[in-house]
Amino acid sequence: MELPSKCANLSEVAMHKKQLETMCTEKLISISAIEKVQRFCYIGNLEKPVYISNTFYCFDLSVEQHFERLRQICGELSGTDLVECLKGVLRDQDENGPRHDEALLVLAVFLSTSSDEEQRKLVRSHFTTLVVTDKDLLIFTKLAKRLQKLLKRKTPVSRTTRKAIVEWYKKQSLQYLLHMWSINEGGGFNWSAHRELLHCCHYRDCGFEPDIEAALRLLSTPMKELAKWPIYLNPVQQCKETIMGIVNLRLDQSPNKSKALPIVEKLNLSYEHIPGHLLRTNHELATFLLPKMTYDQLLHSWPVFSTLYQCDRTKYREYVESFLNEQKLQAANINPLRFLLEEKRLGRVKGKPTTKTPVMNKPNFMSILYKKSFGLNKPLGLRLNITLNLEQLYLKKSLSGRCRSIKYIDAIMALAFGYFKSDSDVHVQFWHNKSGQFKALPWTQKMSVDEAKVCCENQMVVKVRQTLGDILCAALGDTENTYDVFLAIVPCATRGNPRNSSESLSLQLAEYREKRNANAKFIILSLRQCQASMVYSTICKENILELCSINEQTTRLIGAFTRDKFN
């Protein structure tokens, strides 16, 4: 039986309940355990296709919340399947890849809780290929220690985990270990984290080669002790000049009499090697480093560097020009949403608005950069149907969670207009009245983001009937266009959901996939919402994703979902 082509109202949904349940088993495909793990690696959610960005960084809560379910689902998987799944996430260099924390948590749960010794050994044998960087190693160790506490075990990490960590250090080259030590990871140099980790793994009893052991002792030794060049570092004597140069930089606490620049020039060091306290105070050093910095490093450092140059207009102008080069901007492939979020960074101190007016507000070059970035990032390369709720009540309201400094209309511009400018086949529509009908939004490719924003405000939408299913009904009736992705951007998606369930929407999407495009996806962006808007199936692939609010991962998740990285 087929779903009616017209949108079903609440009474029709109730009347066809049994038929819908039958169609669910016929049209929707079950989601496997490994696919649930894939989903968790991307959105931190095993059961629901819902990503809640405002809690994305409260990871301790996620460990406790997901531990029991992760342990259960890891028990259903073979080591081979898990390794292949995690390789796809942790070794993925694509710009749509997720952060690694969730995948590393899955790995930590398996190694800490699996009762099958052979399967644990199999996964442990692939540990070095899964945990690629020392940053990932430290994240993994932090999670493994957290799991030990939840399991009420006395040792910091399990025996299997300790063996995996020791093997990881053994397989690293001397050059990489020295590089790990040399980079300035968030100003903390990571030596204390590595020292604690190596100590709990009893590395001195593990039979390392002399040069590798010396490099490990370098990783775990305080700077003041390194300055004396202890005898156990003699196996890496050939690198002494570079090591001592970096030690001197890290111990340099006198910015007015700093000797940092000669050291950096002589050793040809880059931005990642320089301690933060020198970058905040040394003009000459910053000027030397700028041409060698990547675009991402420029973005990361701009609040510090812009303050550093505020008294020198010429230097400040040169600094701004390093951002505005269109070729560099295009090569960096940074979505406008990232610039919108960066623009608000100076206005936040520990989540609260600052009382001072940032110097950069007159003029705010990040705002100029945001407007310039539209159309310069890589397109999705898909046929998009974007539907907007433009009710005047919401346009100037703020978002929820960490993004309270961003207006609803500005988030629409960064996302919807960003895709409109970068992709060639985009249809943008909006609900225009209480009838639930749509009108095409008269955007053009020649419009600036400010003109597109005014265009939205000029629609003067007062009240609409927001029903997500109407989008698919209208698309089924559109014989001229076929879409790969449906993107609904709304304040809250709780409106217009029959029985507060995804059942009707998923079956309408299944019908569209059957009749028009077998790979079509539906994405809901609930910009002012911090929880799921409806109940989703826990056993079926519905090809629906809901994103609550926005953050740096939003566009990456949209790209990954549309390319079937997870479901």
Looking at Tyr319, is its backbone amide N or carbonyl O close enough to the side chain of Ser322 to form a donor-acceptor pair, meaning the two atoms are under 3.5 Å apart? yes

Between Lys170 and Glu209, does any NZ, NE, NH1 or NH2 come within less than 4.0 Å of an OD or OE carboxylate oxygen? no

Spacing of Met293 atom CE and His300 atom NE2 [to the nearest 0.5 Å]: 9.0 Å

Salt bridge check, Glu167 against Arg162: does any charged N sit closer than 4.0 Å to a carboxylate O? no

State, to 0.1 Å, how close Leu308 and Asn282 come at their nearest heavy-atom pair, and which atoms those are. CD2-O, 4.0 Å

Aromatic contact between Phe365 and Trp302, with the criterion being ring centroids under 6.0 Å apart: yes or no? yes

State yes or no: are the ring centers of Tyr169 and Tyr203 separated by less than 6.0 Å? no

Under 3.5 Å donor-acceptor, Arg124 side chain and Lys163 backbone: no

Apply the test side-chain hydrogen bond (donor to acceptor under 3.5 Å, both in side chains) to residues Asn234 and Trp229: give CA-CA distance (whole Å), side-chain angles for both, the deciding distance (0.1 Å), then the verdict. CA-CA 8 Å; Asn234 284 343; Trp229 192 257; 3.3 Å; yes

By the ring-ring contact (aromatic ring centres under 6.0 Å, His included) test, which pairs, at least two apart or in different chains, include something from residues 133-163? Phe127-Phe140

So which atom in Gly418 and which in Pro336 form the shortest heavy-atom distance, rounded to 0.1 Å? CA-CG, 4.4 Å

Could you check whether Tyr232 and Thr221, counting side-chain N and O atoms only, form a donor-acceptor pair closer than 3.5 Å? yes

Minimal non-hydrogen separation, Ser112 against Arg153, with atom names: O-NH1, 2.9 Å

Is it true that the NZ or CZ of Lys453 lies under 6.0 Å from the centre of Phe417's six-membered ring and within 45 degrees of the ring axis? no

Tyr309 vs Thr287, side-chain hydrogen bond (donor to acceptor under 3.5 Å, both in side chains): CA-CA, chis, key distance, verdict: CA-CA 10 Å; Tyr309 288 131; Thr287 302; 3.1 Å; yes

Determine, step by step, whether Val131 and Leu107 satisfy the side chain to side chain contact (heavy atoms under 4.5 Å, CB included) criterion, reporting the C-alpha distance in whole Å, the side-chain angles of both residues, the deciding distance to 0.1 Å, and the verdict. CA-CA 10 Å; Val131 180; Leu107 178 60; 3.9 Å; yes

Once you round to the nearest 0.5 Å, how far does NE2 of His277 lie from CZ of Arg250? 10.5 Å

Identify the heavy atoms of Cys85 and Gln38 that sit nearest to each other, and give their distance. SG-CG, 3.4 Å

Check whether the side chains of Asn325 and Tyr295 place a donor and an acceptor atom closer than 3.5 Å, and report yes or no. no

Between Asn551 and Leu337, does the side chain to side chain contact (heavy atoms under 4.5 Å, CB included) criterion hold? Intermediate values first, please. CA-CA 8 Å; Asn551 70 2; Leu337 179 63; over 6 Å; no

Backbone of Ser270 reached by a side-chain donor or acceptor of His273 within 3.5 Å: yes

Does Ser158 form a side-chain hydrogen bond (donor to acceptor under 3.5 Å, both in side chains) with Gln148? I'd like the steps, not just the answer. CA-CA 7 Å; Ser158 68; Gln148 287 291 92; 4.9 Å; no

Asn45 to Val50 - nearest heavy-atom pair and separation: ND2-O, 3.2 Å

Geometric cation-pi criterion, Arg217 with Trp181: 6.0 Å, 45°: no

Quick check for you: to the nearest 0.5 Å, what is the distance between Tyr271 atom OH and Ser301 atom OG? 4.5 Å

Are any non-hydrogen side-chain atoms of Lys145 and Glu196 less than 4.5 angstrom apart? yes

Student check: side-chain heavy atoms of Arg195 and Leu219 closer than 4.5 Å: no

Please determine whether a side-chain nitrogen of the Lys or Arg among Arg338 and Glu342 lies less than 4.0 Å from a carboxylate oxygen of the Asp or Glu. yes

Report the C-alpha distance between Asp252 and Lys259 in whole Å, list the side-chain angles of each, state the deciding distance to 0.1 Å, and finish with yes or no for salt bridge (charged side-chain N to carboxylate O under 4.0 Å, His left out). CA-CA 8 Å; Asp252 187 352; Lys259 298 179 181 179; over 6 Å; no

Minimum heavy-atom distance between Leu298 and Phe323, given as atom pair plus value: O-CZ, 3.3 Å

Glu68/Arg71 ion pair, N-O < 4.0 Å: yes

N/O donor-acceptor pair under 3.5 Å between Arg39 side chain and Leu46 backbone: yes

Quick one: does Cys200's side chain get under 4.5 Å of Pro156's, heavy atoms only? yes

Between Glu451 and Ser448, is there a donor-acceptor pair closer than 3.5 Å when you use the side chain of the first and the backbone of the second? yes

A side-chain contact here means heavy atoms from C-beta on lying under 4.5 Å apart; do Leu547 and Ile524 qualify? no

Going by heavy atoms in the side chains, are Leu415 and Thr554 under 4.5 Å from each other? yes

Is there a salt bridge (charged side-chain N to carboxylate O under 4.0 Å, His left out) between Arg99 and Glu102? Walk through the geometry before answering. CA-CA 7 Å; Arg99 72 171 193 167; Glu102 284 79 5; 3.0 Å; yes

When you measure from the side chain of Lys421 to the backbone N and O of Met447, does any donor-acceptor pair fall under 3.5 Å? yes

Start with the C-alpha gap between Ile334 and Leu299, add the side-chain angles, then the distance that decides, and say whether side chain to side chain contact (heavy atoms under 4.5 Å, CB included) holds. CA-CA 10 Å; Ile334 298 174; Leu299 276 180; 3.4 Å; yes

For the residue pair Tyr370 and Phe374, categorise the inter-ring angle as parallel (less than 30°), tilted (30 to 60°) or perpendicular (more than 60°). perpendicular

Measure the shortest side-chain to side-chain distance between Thr129 and Val83 over non-hydrogen atoms and say whether it is less than 4.5 angstrom. no

Short question: side chain of Asn335, backbone of Thr555 - any donor-acceptor pair under 3.5 Å? no

Are there over 12 heavy-atom neighbours, none belonging to Lys315, within less than 6.0 Å of that residue's NZ? no

Assess whether atom CD of Gln327 is packed by more than 12 heavy atoms of other residues, nucleotides or ligands within 6.0 Å. no

Distance alone, cut at 3.5 Å: any donor-acceptor contact between the side chains of Glu546 and Ser526? yes

Output, in order, the C-alpha distance, side-chain angles, deciding distance and verdict of side-chain hydrogen bond (donor to acceptor under 3.5 Å, both in side chains) for Arg120 and Thr160. CA-CA 8 Å; Arg120 286 203 314 274; Thr160 301; 3.3 Å; yes

Determine, stepwise, if the pair Phe566 / Cys41 fulfils side chain to side chain contact (heavy atoms under 4.5 Å, CB included). CA-CA 9 Å; Phe566 68 98; Cys41 291; over 6 Å; no

Taking atom types as modelled, is there a side-chain donor on Lys292 or Asn268 under 3.5 Å from an acceptor on the other? yes

Should we count NZ of Lys87 as having more than 12 external heavy atoms under 6.0 Å? yes

How far does CD of Gln237 sit from CD1 of Ile243, to the nearest 0.5 angstrom? 9.0 Å

Donor-acceptor pair, Asp423 side chain versus Pro379 backbone, under 3.5 Å? no

Any side-chain heavy atom of Leu218 within less than 4.5 Å of one from Val236? no

For residues Thr294 and Gln297, determine if any side-chain heavy atom of one lies less than 4.5 Å from a side-chain heavy atom of the other. yes

